[in-house]
Amino acid sequence: LPLRTLDHRRIRLYQGFWIPEDYLRGVLTIQEHFTSRPTDLFVTSYPKSGTTWLKALIFATMTRKKYPLDQNPLLAYNPHQCIAYIDKHFSHGRSRIVEAIPSPRVLSTHIPYSILPESITGSDCRIIYIWRDPKDVIVSLWHFAQEVYEGTPDLPSFSESFELFCEGNSYFGPIWNHIIEYWQESKRKPEEVLFLKYEDMLEDPIKYARILANFIGCPYSEAEEKQGAIEQVVDLCSFKKLKDLEVNKCGSGTILDGHVSYAAFFRKGMVGDWRNHMTSEMAQRLDGIVAEKFKEAGLEMINMK
Ligand code: A3P
């Protein structure tokens, strides 16, 4: 039976994960019919873990030689317009859009690793996964739902949403299993799955922009390093730069089942905003749940500031 989650959206349990009901058809179609190409690169994440930033960094890295810095499409388009979100396209019956993208494709999905089609997991496609402190994820998710579903009666309060999240009941949740599955694959196939953490990236974006460039096969040459190309990419994708762009202040798109203003993807962009929303008991409870699951899987909870 469907459950209600952080907003009016309903979720259904499918193969151990709660999938938004309106995306279930898309997820099933992807599972059955998605055809990967060996050159495909997937941006994967649990929602609100830094996907927009990762998309921007990958897009800017790959296109840095194609466009002069002041003409990069990221200055005029939201990162979600630059990299296709397959869950949405397949759910809306628009798989052709994805099929029409020329190789090498960069595509994104929130689908848990174990639900991805064999065409992806059994191939040489590369996957980049970003995860984030679940305490900040639930805060970000709650604000996003408030914004997107503004005006919907009876939206759950933060503490109600927090309860659901701790029970694993949120889009593509439980979050701990989502993270663990991609982590396990990154250990098994490090050349194919890159496992990144939002907080680490914020602390040293240059280091991670370099790691990303190497992983996707567009490393910075010595000359580029000297010219500061890597700093330029990081700067172009910085929270402040993207947030202040006209497209991201005033634009909107159909990210979920309705219209979403792009501004909703740029809220605070910081580590630790959970402190403004949770009591220390709540924080300890969620940390405890996640730590136990991570420990069972052999993944230590690192860098939880
Ligand atoms: P907050 O709501 O905590 O501010 P996603 O892109 O997966 O939907 O995640 C959204 C979160 O990433 C939001 O977190 C958003 O502010 C943050 N974010 C968006 N762009 C960013 C950037 N360029 N740098 C750092 N964080 C960014």
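Ligands are counted one by one from 1 in listed order, and the atoms in each one are counted from 1 as well.
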Nearest option to atom 14 (O) of ligand 1, as decided by whichever heavy atom of R267, K240, M270, R132 sits closest:
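Selected option, by shortest heavy-atom distance: R132.
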
Heavy-atom proximity to atom 21 (C) of ligand 1, best of F265, F239, W274:
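Closest candidate by heavy-atom distance is F239.
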
Using a 4.0 Å heavy-atom threshold (strictly under), name the region of [X] that reaches ligand 1: side chain, backbone, both or neither.
X: S140; answer: both
X: K55; answer: neither
X: A56; answer: neither
X: S45; answer: neither
X: Y198; answer: side chain

State the atoms of ligand 1, each with its element, that fall below the 4.0 Å cut-off from a heavy-atom position in F266.
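By the 4.0 Å cutoff, the relevant atoms are 16 (O), 19 (C), 20 (N).
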
Could you list the atoms of ligand 1 found under 4.0 angstrom from a heavy atom of S238?
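What qualifies from ligand 1 is 23 (N).
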
Can you measure from NZ (K55) to CG (N78) and round to the nearest 0.5 angstrom?
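Here the rounded value is 8.0 Å.
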
Quick check: does [X] get an N/O under 3.5 Å from an N/O on ligand 1?
X: C237; answer: yes
X: L242; answer: no
X: T51; answer: yes

Considering only non-hydrogen protein atoms, determine which one is nearest to atom 6 (O) of ligand 1 and report residue, atom name and distance to 0.1 Å.
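Minimum-distance protein heavy atom for atom 6 (O) of ligand 1 reads T52 OG1, 2.4 Å.
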
At what distance is the nearest protein heavy atom to atom 12 (O) of ligand 1, and which residue and atom is it?
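Checking every protein heavy atom, the shortest distance to atom 12 (O) of ligand 1 gives G50 CA, 4.0 Å.
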
Determine the minimum heavy-atom distance between [X] and [Y], stating which atoms define it.
X: I11; Y: N169; value: CD1-C, 3.8 Å
X: T39; Y: R126; value: O-NH2, 4.2 Å
X: E21; Y: R12; value: OE2-NE, 2.8 Å

Quick one: does K48 get within less than 4.0 Å of ligand 1, heavy atoms only?
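The answer is yes: ligand 1 sits under 4.0 Å from a heavy atom of K48.
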
Any non-hydrogen side-chain atom of [X] less than 4.5 Å from a side-chain atom of [Y]?
X: I120; Y: I127; answer: yes
X: I30; Y: I115; answer: no
X: C250; Y: Y262; answer: no

Neighbour count >12 (heavy atoms, 6.0 Å) for atom NZ, K187:
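Counting neighbours around NZ of K187, 12 or fewer heavy atoms of other residues, nucleotides or ligands fall under 6.0 Å, so no.
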
Ring of Y220, cation from R64 - is the NZ or CZ under 6.0 Å from the centre and inside 45° of the axis?
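Yes, R64 sits over the ring of Y220.
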
Pi-cation contact, Y23 with K88 (under 6.0 Å, within 45°)
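No, cation not above the ring by the 6.0 Å, 45° rule.
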
